[in-house]
Amino acid sequence: MGTFRLYSGDDGQSHIETIDLDQTPDWKSAQAATTISFSEAPAGRFSDWHTAPRRQFVVILSGQLEIGLGDGSKHVFGPGDARLVEDTTGQGHTTATHGDQACVTCTIPLANQ
């Protein structure tokens, strides 16, 4: 289980950084959200390059999700991993289920975005 940030860099590429909650106290504070939704992506699903539609948290509940970046790297997230997805500009990222089971996620868009 971990916390991560997916963001747009000055180079127009998406990047992932690990967030240490002990060093990032604002992540422990309450944050206003607009809605909450749950979705299930079947095994084998792939979404080509796209940016995030808004700043939002995405939490993996079950299964695994693979995020591809412009530098060719792939990052796999599993149950309990929480990502602040805010790469709303630039090339974006790819998304795919990883492994042979569906991936269930919880998406929480942040308010005032």
Side-chain angles (χ1 to χ4, degrees):
M1 184 176 104
T3 47
F4 306 89
R5 177 179 172 238
L6 174 60
Y7 66 97
S8 302
D10 292 337
D11 59 359
Q13 298 291 310
S14 293
H15 302 273
I16 293 175
E17 69 176 325
T18 301
I19 299 297
D20 180 344
L21 291 177
D22 291 331
Q23 301 298 318
T24 317
D26 57 317
W27 275 49
K28 292 182 177 181
S29 301
Q31 297 186 41
T34 58
T35 59
I36 185 170
S37 63
F38 298 88
S39 62
E40 182 175 9
R45 175 171 286 168
F46 175 80
S47 296
D48 212 351
W49 297 102
H50 61 281
T51 57
R54 64 197 160 267
R55 291 182 72 231
Q56 60 191 9
F57 277 98
V58 178
V59 181
I60 309 296
L61 301 177
S62 65
Q64 293 184 313
L65 190 68
E66 179 184 274
I67 302 296
L69 302 179
D71 66 2
S73 65
K74 296 185 185 297
H75 305 262
V76 177
F77 301 94
D81 286 338
R83 289 173 295 121
L84 174 57
V85 180
E86 54 183 353
D87 64 334
T88 58
T89 62
Q91 181 181 16
H93 60 277
T94 62
T95 305
T97 52
H98 184 79
D100 60 359
Q101 61 180 283
C103 180
V104 177
T105 59
C106 172
T107 300
I108 308 143
L110 296 177
N112 302 317
Q113 301 302 308

Can you measure from [atom1] ([X]) to [atom2] ([Y]) and round to the nearest 0.5 angstrom?
{"X": "Gln64", "Y": "Gln101", "atom1": "CD", "atom2": "CD", "value": "7.0 Å"}
{"X": "Glu86", "Y": "Arg54", "atom1": "CD", "atom2": "CZ", "value": "13.5 Å"}
{"X": "Arg55", "Y": "Arg5", "atom1": "CZ", "atom2": "CZ", "value": "8.0 Å"}

Show the nearest heavy-atom pair for residues [X] and [Y], with the distance to one decimal.
{"X": "Gly92", "Y": "Ser14", "result": "O-OG, 3.1 Å"}
{"X": "Trp49", "Y": "Gly68", "result": "CZ3-O, 3.8 Å"}
{"X": "Pro79", "Y": "Gly63", "result": "CD-O, 3.3 Å"}
{"X": "Ala43", "Y": "Gly99", "result": "CB-O, 4.1 Å"}
{"X": "Asp87", "Y": "Ser8", "result": "CA-OG, 3.1 Å"}
{"X": "Ala52", "Y": "Val85", "result": "CB-CG1, 3.5 Å"}

Inset, instruction - For the pair Thr97 (side chain) and Gly44 (backbone), establish whether a donor and an acceptor sit closer than 3.5 Å, ignoring hydrogens and angles. - result: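 Yes: the side chain of Thr97 pairs with the backbone of Gly44.
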Legend entry - Side-chain donor or acceptor of Asp81 paired with backbone N/O of Gly2 under 3.5 Å: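 Present.
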Inset, instruction - May I ask you to decide whether Lys28 forms a salt bridge with Asp22, counting only side-chain N to carboxylate O separations under 4.0 Å? - result: yes
For residues [X] and [Y], determine if any side-chain heavy atom of one lies less than 4.5 Å from a side-chain heavy atom of the other.
{"X": "Leu69", "Y": "Gln13", "value": "no"}
{"X": "Phe57", "Y": "Gln31", "value": "yes"}
{"X": "Glu66", "Y": "Thr94", "value": "no"}
{"X": "Leu65", "Y": "Arg83", "value": "yes"}
{"X": "Trp27", "Y": "Leu84", "value": "yes"}
{"X": "His93", "Y": "His50", "value": "yes"}
{"X": "Leu6", "Y": "Phe77", "value": "no"}

Hey, quick one: are [X] and [Y] part of the same hydrophobic cluster, counting side-chain heavy atoms closer than 4.5 Å, chains of contacts allowed?
{"X": "Phe4", "Y": "Met1", "result": "no"}
{"X": "Leu110", "Y": "Ile36", "result": "yes"}
{"X": "Ile108", "Y": "Ile60", "result": "no"}
{"X": "Ile67", "Y": "Val104", "result": "no"}
{"X": "Ile19", "Y": "Tyr7", "result": "no"}

Legend entry - Donor + acceptor pair across side chains of Ser39, Thr105 (<3.5 Å):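 Side-chain D/A pair, Ser39 to Thr105: present.
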Inset, instruction - Kindly check if the number of other-residue, nucleotide or ligand heavy atoms within 6.0 Å of CG (Asp26) is above 12? - result: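 More than 12 within 6.0 Å, yes.
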Inset, instruction - Please check if atom CG in Asp20 has more than 12 non-hydrogen atoms from other residues, nucleotides or ligands closer than 6.0 Å. - result: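 Enclosed.
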